[in-house]
Amino acid sequence: MSNTRHNWTKEEILDIYNKPFMELLYEAATVHRKYHDPNTVQVSTLLSIKTGGCPEDCGYCPQAARYHTDVEGNDLMSVQQVKAQALRAKASGSSRVCMGAAWRNVKDGQEFDDVLEMVRTINKLDMEVCCTLGMLTENQAHRLAEAGLYAYNHNLDSSEEYYKEVISTRGFEDRLQTIDNVRKTNVTVCSGGIIGMGEKTEDRVGMLVALATLNPQPESVPINALVAVDGTPLEDQEPVSIWDMVRMVATTRIVMPETQVRLSAGRTQMSREGQAMCFFAGANSIFAGDKLLTTPNPDVNEDMEMFKMLGLNPQKPFIKKMQPNTVEAEDSKFQALGEKPKWSRPEHKIERNEEAKEKAKTLR
């Protein structure tokens, strides 16, 4: 019987976040040991199946078409290319492949059919499959579930209040609605956010309140440190300190005890000692491979060396939940409905996003 709480308040989580560091670390490590094997870390590989050209204005993202960054745009990869990459990932110790497409939302049609085929292909390789494709309707979530999707990633990014300072092209509600649509299937939810975007501690805690009060809580929560990319509105942000990162991981572990806490973007700026502290504080999943969508990531051999040094083992697939069945396209009960959902467009003006957009025009 799970004794996970879903009624956390902002004050309670703030108290945890602000505890004396050693006390916080000890408490998080104690919770971690109760619910997880402390010497096992899941290794996932992130694959950008469609890069760049995104219509959104997320202030942190080099894939937004309106900013001038060095990201090379690519059309959707083929099923064969994705299978080859998945086999490579499996050989290097990954148990999960996460496919990301720079879309605002999923649209029914050939490209989505191709993604469903990629999901079927990877699930048949006995690997967990995760997708992050933007907003999603309930029917589209059912189609992904039938194909054998294990997890769907849709980050809240920050607190509802600070979200408005980073993104103007979609609303926080859309994030929650998409998570809700995924919850109507047997697909697990992966949802977290980014720290270091100029937010206050209260905003970090606000994001954790939003996640921890979901019932059920997300099975997986990525904690990203902003990687400030030239050309994006957040290019001048100072890197997050390792102490903030460990605090965030530890607090997440305490309020979401059964969740896999993912140490995601920003690991290249962390020492091995810093990463070891994050693992001690409850992080039990990393992304391996030289790139995270478009930002640098430690090399997989470096990670395996670090695992050896720390006595960590890669987690096998389907430990937390059984492998989903794959239904072939011709046997599918859920067909494309050609939906045109009305996702919100708040379109308020964010000054730094506007400035980056204008700057991009002069550079093109």
Side-chain angles (χ1 to χ4, degrees), residues 2-32 34-35 58-60 153-168 170-180 183 189-226 234 237-238 240-266 278 281-283 344 346 348 350:
S2 163
N3 48 8
T4 300
R5 279 182 54 191
H6 302 279
N7 60 348
W8 288 97
T9 66
K10 201 169 180 176
E11 292 66 38
E12 285 176 311
I13 299 182
L14 203 53
D15 284 348
I16 294 169
Y17 185 94
N18 287 323
K19 277 187 176 196
F21 191 77
M22 295 305 172
E23 212 174 301
L24 175 64
L25 217 54
Y26 180 73
E27 187 180 335
T30 307
V31 171
H32 188 50
K34 187 175 168 189
Y35 290 91
C58 308
Y60 51 79
N153 165 268
H154 203 59
N155 289 338
L156 295 185
D157 290 336
S158 191
S159 67
E160 187 165 4
E161 294 73 29
Y162 198 70
Y163 189 87
K164 302 180 184 74
E165 305 294 320
V166 180
I167 302 162
S168 77
R170 56 169 189 238
F172 196 77
E173 263 312 303
D174 296 342
R175 319 301 284 171
L176 296 172
Q177 183 57 56
T178 294
I179 290 171
D180 200 42
R183 277 287 176 230
V189 167
C190 174
S191 185
I194 307 171
I195 67 171
M197 299 192 291
E199 75 289 334
K200 297 186 174 78
T201 300
E202 283 75 12
D203 294 306
R204 294 174 186 178
V205 166
M207 178 184 85
L208 292 181
V209 173
L211 293 167
T213 52
L214 290 172
N215 193 358
Q217 291 177 342
E219 283 79 0
S220 152
V221 173
I223 301 295
N224 296 279
L226 176 75
L234 296 175
Q237 286 295 327
E238 288 296 311
V240 166
S241 83
I242 189 65
W243 309 108
D244 284 4
M245 202 63 189
V246 176
R247 274 191 187 279
M248 193 67 184
V249 166
T251 308
T252 306
R253 169 50 68 229
I254 292 164
V255 299
M256 290 182 262
E258 294 179 64
T259 292
Q260 291 217 254
V261 180
R262 297 178 178 274
L263 197 54
S264 299
C278 288
S344 71
H348 55 280
I350 301 171

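The model shown is predicted, which means the values in this text are computed figures rather than measured ones.
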query: Do we see a donor-acceptor contact under 3.5 Å between the side chains of S158 and E199?
result: no
Residue pair [X] / [Y], side-chain heavy-atom distance below 4.5 Å:
| X | Y | answer |
| --- | --- | --- |
| T9 | V209 | no |
| Y17 | D244 | yes |
| E160 | R175 | no |
| L156 | L176 | yes |
| S159 | E202 | no |
| N155 | N224 | yes |
| Q260 | C190 | no |
| R253 | E27 | no |

Tell me the closest heavy-atom pair linking [X] and [Y], and the distance in Å.
| X | Y | result |
| --- | --- | --- |
| V246 | A281 | CG1-CB, 4.1 Å |
| G196 | V240 | CA-CG2, 3.2 Å |
| L24 | A250 | CG-CB, 3.7 Å |
| N153 | P222 | ND2-CG, 3.9 Å |
| M245 | L263 | CE-CD1, 4.1 Å |

Just by modelled atom types, is the [Y] backbone N or O under 3.5 Å from a matching donor or acceptor in the [X] side chain?
| X | Y | result |
| --- | --- | --- |
| H6 | L214 | yes |
| R247 | K19 | yes |
| T259 | P218 | yes |

- prompt: For E23, which residues count as a side-chain hydrogen bond (donor to acceptor under 3.5 Å, both in side chains) partner, sequence neighbours excluded?
  reply: none
Could you tell me the separation between the [atom1] atom of [X] and the [atom2] atom of [Y], rounded to the nearest 0.5 Å?
| X | Y | atom1 | atom2 | answer |
| --- | --- | --- | --- | --- |
| T251 | I223 | OG1 | CD1 | 9.0 Å |
| D157 | Y162 | CG | OH | 12.0 Å |
| I254 | H32 | CD1 | NE2 | 12.0 Å |
| I242 | C278 | CD1 | SG | 4.5 Å |
| D15 | E11 | CG | CD | 8.0 Å |
| I179 | D174 | CD1 | CG | 11.0 Å |

task: Determine whether more than 12 heavy atoms belonging to other residues, nucleotides or ligands lie under 6.0 Å from atom CD of E161.
output: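 Yes, the 6.0 Å shell around CD holds more than 12 heavy atoms from other groups.
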- request: From the options L208, V31, T4, select the one residue that forms a side-chain contact (heavy atoms from CB on, under 4.5 Å) with M256.
  value: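 Single pass found, and it is L208.
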field: Side-chain ion pair, R183 and E219, N-O less than 4.0 Å
entry: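 Here R183 pairs with E219 in a salt bridge, since their nearest N and O are under 4.0 Å apart.
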